[in-house]
Visitor: 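My questions all concern the structure below.
Order of the sequence lines sets the chain letters (A, B, ...), proteins ahead of strands, with each chain counted from 1. Quick note: numbers below take in every heavy atom, side chains included, and nothing from hydrogens, waters or symmetry partners.
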Amino acid sequence: MSKVATRFAPSPTGPLHIGGVRTALFNWLYSKNQNGNFFLRIEDTDKERSKEEYRKQIINSLEWIGINFDGEEYVQSKKIDDHIKVAHELLKKGNAYKCYCSSEEIEEQKKRAKQKKIPYIYDRKWREKKETDAPKDIKPVIRFKSKIDGTSILKDLVQGDVEIENNTIEDFVILRNDGTPTYNLSAAVDDHQMNMSHIIRGDDHKINTFKQIQIYQAMEWEIPSFAHIPLIHTIDGKKLSKRDKASTLDDYSKIGIMPDALRNYLLRLGWSYKDKEIFTIEESIKYFNLEGIGKSPSKLDMSRILSMNEHYIKNMNENDLFDQLIEYCNKFKKEIKTDKEDKIRKSLSFLKNKAKTLEDIFINGQYIIADEVIFNQDDIKLIDERAKKVINDFKVQFEKIDQPSREILEPVINGLIKSNNTNFKGVGQPLRIVLTGSKFGPGIYDIILSLGKKEVQKRLDTKIA
RNA sequence: GGUCCCUUCGUCUAUCGGUUAGGACACAUGGUUUUCAUCCAUGAAAGAGGGGUUCGAUUCCCCUAGGGACCGCCA
């Protein structure tokens with residue numbers, strides 16, 4: 001058997017959405033699992049809608065989530081001549097013919113079919129007509145001569161055997177009247193030339209597959225294996241599209257979802273391996289297979305994405321988390337000053353406990369990151385005379401401490417609890433508010449130690465309410 | 001409308017004829033805790049409906065219902 005080769009073939013007509021990312025992921029994983037290669041093919045033959053910025057965005061997205069392709073990026077538009085050559089070859093071999101119907105004529109037929117509520121299918125008018133009957137003023141398209149009799153069976157690696165009557169597949173256009181190839185031709189030729197062994201793509205391509213297989217057969221090419229994976233649906237059960245919000249990778253990265261978490265989520269969306277939920281990249285390559293792909297479409301679930309991200313935040317290496325956090329803040333929030341970096345790094349161990357996203361860490365860490373304490377107006381109201389006295393008492397004691405540590409602070413706090421005749425909350429809450437601006441936050445010792453002596457003193461001087 | 005596909009807790013899923021139908025997320029309750037969280041424990045929660053086949057069906061077959069995809073000289 002020849003070496004496994006898969007590809008991801010997006011068209012750069014919009015931002016890549018996570019359905020596409022999952023398709024890319026499955027192709028990539030399958031090839032890596034089989035020790036094969038994974039290629040990227042940019043299908044940019046729609047000159048009107050293809051945009052360079054989208055091409056870049058697609059490549060960046062794949063890189064962000066950790067999918068790397070082998071070899072050179074394959075650009076479909078550069079291969080158009082090959083596609084046209086095949087069209088003419090099919091014509092010569094009698095597997096295709098020129099159709100002189102005007103687009104108006106076709107439109108008219110479609111409209112009529114719609115009115116009568118019967119399915120439209122091109123009537124194969126020019127299939128057997130003689131070229132000499134051709135009208136002079138019309139540039140023909142080239143149509144593929146599809147099978148009319150019998151049925152075809154697609155042995156799909158995910159869906160099983162799919163049988164279809166050949167006459168439901170029309171004589172599709174392979175070359176437009178401007179001489180350019182259409183999708184089914186280009187895709188078939190490219191996949192053949194790229195030596196694809198497995199075509200893994202969305203369910204929505206299933207009918208195309210029947211068309212493309214006929215091209216392979218006519219050209220006597222080896223037919224690759226196909227696997228049509230179920231689509232990802234939105235919460236209301238419709239195919240995910242680029243227009244849906246929260247559908248592109250950027251939508252997730254900007255709220256602080258990390259690539260590994262999203263990768264893991266996408267992997268488990270429509271694929272499973274026993275009861276295993278968490279997969280490192282290495283594990284996903286090791287365990288990925290086509291048998292594990294389910295047949296039914298699955299819905300996107302934000303709370304699941306969040307909890308996956310939370311899992312990664314809590315379990316990943318803290319240095320890596322720090323790096324990702326800084327990168328995230330610099331890109332989407334504000335640049336973290338170098339003098340704050342160290343404080344943040346030290347505080348990660350407790351800041352991450354309250355976070356589902358990098359954004360959460362950023363927000364929870366505001367009391368460190370921001371130069372000025374931002375006070376929650378409601379919480380300030382909790383600072384009454386008693387609280388002020390506690391704060392003041394603490395200030396006096398704190399000034400005597402050279403090197404704050406938990407061991408030194410603990411007796412101080414306990415002493416204040418006693419002398420003020422209160423409980424821990426009576427001391428902790430006012431201090432937390434004056435130091436961070438909010439009654440919610442990390443433990444009081446964590447706050448003090450993360451800020452450092454100088455900063456704590458500065459904040460204790462703050463006049464509130 | 002035609003063709004094709006799908007159907008297990010709210011969601012993602014396990015089960016490859018015999019299980020108290022399992023796990024994860026979310027949810028609820030309780031515990032730990034200096035707040036919010038984290039963490040731990042517990043709980044509620046599913047085989048669309050109807051026929052077969054079988055000693056036995058969530059699992060195999062058929063029908064119905066519901067959902068989805070495709071039906072471009074887009075990709």
Visitor: Mind checking what makes ring pair (Phe, Tyr, Trp, His ring centres under 6.0 Å) contact with A:Y312, not counting sequence neighbours?
Guide: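 If we apply the ring pair (Phe, Tyr, Trp, His ring centres under 6.0 Å) test to A:Y312, skipping adjacent residues, there are no hits.
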Visitor: Could you tell me whether the side chains of A:N376 and A:S438 share a donor-acceptor contact shorter than 3.5 Å?
Guide: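 Their side chains do not contain a donor-acceptor pair, so the 3.5 Å distance test is not met.
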Visitor: Of the nucleotides B:C25, B:A24, B:G68, which one has an atom closest to the side chain of A:H233?
Guide: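 Minimum distance to the A:H233 side chain belongs to B:G68.
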Visitor: If we take the C1' atom in both B:A65 and B:G50, what is their distance in whole Å?
Guide: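 So the two C1' atoms sit 10 Å from each other.
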Visitor: Does anything in residues 439-446 of chain A reach RNA chain B, meaning a heavy atom under 4.0 Å, and if so which residues?
Guide: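 Close to the strand are A:K439, A:F440, A:G441, A:P442, A:G443, A:I444, A:Y445.
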Visitor: Please give, in whole Å, the distance from B:C12 P to A:D275 CG?
Guide: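 Nearest whole value for this atom pair: 16 Å.
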Visitor: Applying a 3.5 Å limit to both distances, which nucleotide forms a Watson-Crick or G-U wobble pair with B:C4?
Guide: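 WC or wobble partner is B:G68.
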Visitor: Ignoring hydrogens and angles, does a donor from either the side chain of A:R268 or the base of B:U13 sit under 3.5 Å from an acceptor on the other?
Guide: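 Answer is no: no donor-acceptor pair is held.
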Visitor: Using a strict heavy-atom distance below 4.0 Å, which residues from residues 416-427 of chain A are in contact with RNA chain B?
Guide: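 Within residues 416-427 of chain A, the residues near RNA chain B are A:F424.
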Visitor: If the sugar-phosphate is the primed atoms plus P, OP1 and OP2 and the base is the rest, what is the B/S/- string for nucleotides 27-33 of chain B, using protein heavy atoms under 4.0 Å?
Guide: -------
Visitor: Taking side-chain contact (heavy atoms from CB on, under 4.5 Å) as the definition, give me every residue that meets it alongside A:E163, ordered by chain and number, with sequence neighbours left out.
Guide: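 In terms of side-chain contact (heavy atoms from CB on, under 4.5 Å), with neighbours along the sequence ignored, A:E163 is linked to A:T151, A:I153.
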Visitor: Output every pair passing ring-ring contact (aromatic ring centres under 6.0 Å, His included) with a member in residues 140-178 of chain A, not counting sequence neighbours, ordered by first then second residue.
Guide: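 Every pair satisfying ring-ring contact (aromatic ring centres under 6.0 Å, His included) with a residue in residues 140-178 of chain A: A:F144-A:F172.
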Visitor: With the threshold set at 4.0 Å, does a side-chain nitrogen-carboxylate oxygen contact exist between A:K111 and A:E107?
Guide: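 The answer is no: the pair does not qualify as a salt bridge.
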Visitor: If you measure from the C1' atom in B:U15 to the same atom in B:U58, how many Å do you get, rounded?
Guide: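 These two C1' atoms come out 8 Å apart once rounded.
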Visitor: Within the structure shown, what part of the strands sits under 4.0 Å from A:N184 by heavy-atom distance: base, sugar-phosphate, or nothing?
Guide: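 Contact class for A:N184: none.
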Visitor: On RNA chain B, check which nucleotide each of A:N353 and A:P181 is closest to and give me the residue with the more 5' one.
Guide: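 Its nucleotide being nearer the 5' end, the pick is A:N353.
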Visitor: Any N/O pairs under 3.5 Å between the protein and nucleotides 2-11 of chain B? List them or say none.
Guide:
from	atom 1	to	atom 2	distance (Å)
B:C5	O4'	A:K206	NZ	3.3
B:C5	O2'	A:Q159	OE1	3.3
B:C6	OP1	A:K295	NZ	3.0

Visitor: Taking the minimum atom-to-atom distance to the side chain of A:N177, which one of B:C73, B:G68, B:U35 wins?
Guide: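 Nucleotide nearest to A:N177's side chain: B:C73.
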Visitor: Taking atom P of B:G23 as reference, at what distance in whole Å does atom CD1 of A:I278 sit?
Guide: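 It is 17 Å, rounded to the nearest whole Å.
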Visitor: Please determine, by modelled atom types, if A:N166 and A:Q214 share a side-chain donor-acceptor pair under 3.5 angstrom.
Guide: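 Distance-only check fails for A:N166 and A:Q214.
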Visitor: One thing to verify: whether A:K85 and A:D81 come together as a salt bridge, which I'm taking to mean a side-chain N less than 4.0 angstrom from a carboxylate O.
Guide: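 Result for this pair is no, no salt bridge flagged.
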Visitor: Going by the ring-ring contact (aromatic ring centres under 6.0 Å, His included) test, which pairs reach into residues 283-307 of chain A, not counting sequence neighbours?
Guide: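 Listed by first then second residue: A:F26-A:F288, A:W271-A:F288, A:Y273-A:Y287.
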Visitor: For a quick test of your reading: what N or O donor-acceptor pairs under 3.5 Å do the side chains of residues 134-142 of chain A make, sequence neighbours left out?
Guide:
none

Visitor: Check the distance between B:G22's C1' and A:E277's CD and give it to me in whole angstrom.
Guide: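 In whole Å, B:G22 C1' and A:E277 CD are 12 Å from each other.
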Visitor: Base, sugar-phosphate or nothing for A:K352? Non-hydrogen atoms, less than 4.0 Å.
Guide: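 Nothing: the residue A:K352, judged by heavy atoms under 4.0 Å, touches no strand.
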Visitor: So what does A:S272 hit on the nucleic acid, given a heavy-atom distance under 4.0 Å: a base, only sugar-phosphate, or nothing?
Guide: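 If one applies the 4.0 Å heavy-atom cut-off, A:S272 turns out to touch the sugar-phosphate alone, with no base involved.
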Visitor: Using the C1' atom on both, measure B:U34 against B:A45 and round to a whole Å.
Guide: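 Pairwise C1' distance, B:U34 against B:A45, rounds to 36 Å.
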Visitor: C1' atom, B:U11 versus B:C71: distance in rounded Å?
Guide: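 Approximately 31 Å lies between the C1' atom of B:U11 and that of B:C71.
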Visitor: Please state the P separation for the pair B:A21 and B:C9 - nearest whole angstrom.
Guide: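 About 15 Å, rounded to a whole number of Å.
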Visitor: Do the side-chain N or O atoms of A:T45 get closer than 4.0 angstrom to the phosphate oxygens (OP1, OP2) of B:A75?
Guide: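 Yes, because at least one side-chain N or O of A:T45 sits under 4.0 Å from OP1 or OP2 of B:A75.
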Visitor: Any carboxylate oxygen within less than 4.0 angstrom of a Lys/Arg side-chain nitrogen, looking at A:K79 and A:D190?
Guide: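 Looking at A:D190 together with A:K79, the answer is no, because their closest N to O distance does not fall below 4.0 Å.
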Visitor: If I take atom CG in residue A:D204 and atom P in nucleotide B:G67, what distance separates them, rounded to the nearest angstrom?
Guide: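 That distance rounds to 20 Å.
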Visitor: Check side-chain hydrogen bond (donor to acceptor under 3.5 Å, both in side chains) between A:R55 and all other residues, then give those that pass, not counting sequence neighbours.
Guide: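 A:E52, A:E73.
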Visitor: Given the C1' atoms of B:C70 and B:U54, what is the spacing between them in whole Å?
Guide: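 B:C70 and B:U54 have their C1' atoms separated by 38 Å.
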Visitor: So, A:Y97 versus A:D171: side-chain donor-acceptor pair below 3.5 Å or not?
Guide: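 Per modelled atom types, A:Y97 and A:D171 side chains form a pair under 3.5 Å.
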Visitor: Scan for salt bridge (Lys or Arg N to Asp or Glu O under 4.0 Å) pairs involving residues 406-427 of chain A, sequence neighbours excluded, and state none if there are none.
Guide: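 Sorted pair list: A:R406-A:E410.
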Visitor: Mind checking who B:C55 pairs with, Watson-Crick or G-U wobble, both distances under 3.5 Å?
Guide: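 Its partner is B:G18.
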Visitor: Of all the choices, B:A26, B:C73, B:A69, which nucleotide is nearest to the side chain of A:V173 once you look at every atom?
Guide: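 For the A:V173 side chain, the nearest candidate turns out to be B:C73.
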Visitor: With a non-hydrogen cut-off below 4.0 angstrom, is A:G270 in contact with a base, only sugar-phosphate, or nothing?
Guide: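 The answer is sugar-phosphate, as A:G270 gets under 4.0 Å only of primed atoms, P, OP1 or OP2.
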Visitor: Looking at A:E43 and A:R7, is there a salt bridge between them, counting it only when a charged N and a carboxylate O are closer than 4.0 Å?
Guide: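 Looking at A:E43 together with A:R7, the answer is no, because their closest N to O distance does not fall below 4.0 Å.
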Visitor: Which nucleotide in the list B:C73, B:C25, B:U34 gets nearest to the side chain of A:S307?
Guide: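 Ranking B:C73, B:C25, B:U34 by closest atom to the A:S307 side chain puts B:C25 first.
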Visitor: Does any nucleotide pair with B:U11 by Watson-Crick or G-U wobble geometry, both distances under 3.5 Å, and what is it?
Guide: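 Answer to the pairing question: B:A24, which forms a Watson-Crick or G-U pair with B:U11.
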Visitor: Tell me the interatomic distance from A:L306, atom CG, to B:U38, atom P, rounded to whole angstroms.
Guide: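 The distance from CG of A:L306 to P of B:U38 comes to 12 Å, rounded to the nearest Å.
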Visitor: When rounded to the nearest Å, what value does the distance between C1' atoms of B:U38 and B:U32 take?
Guide: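 Going atom to atom, C1' in each nucleotide, I get 11 Å.
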Visitor: With P as the reference atom in both, quote the distance from B:A57 to B:U20 in angstrom, rounded to an integer.
Guide: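 Comparing P positions in B:A57 and B:U20 gives a spacing of 15 Å.
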Visitor: Whole-Å distance between B:C73 P and A:Q109 CD?
Guide: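 Atom CD in A:Q109 sits about 12 Å away from atom P in B:C73.
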Visitor: Any base atoms under 4.0 Å from A:E43, or only sugar-phosphate, or nothing? Heavy atoms, all strands.
Guide: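 Sugar-phosphate, no base atom in range.
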Visitor: Does A:H233 have any side-chain hydrogen bond (donor to acceptor under 3.5 Å, both in side chains) partners at least two apart in sequence or in another chain, and if so, which?
Guide: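 Per chain and number, A:H233 pairs via side-chain hydrogen bond (donor to acceptor under 3.5 Å, both in side chains) with no residue.
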Visitor: Any chance the side chains of A:N184 and A:T182 put a donor and an acceptor closer than 3.5 Å?
Guide: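 The criterion, which ignores hydrogens and geometry beyond distance, is not satisfied for A:T182 and A:N184.
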Visitor: Consider only side-chain N and O atoms of A:R124 and A:S146, and report whether a donor and an acceptor are under 3.5 Å apart.
Guide: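 There is no such pair (donor and acceptor under 3.5 Å, judged by atom type) between the side chains of A:R124 and A:S146.
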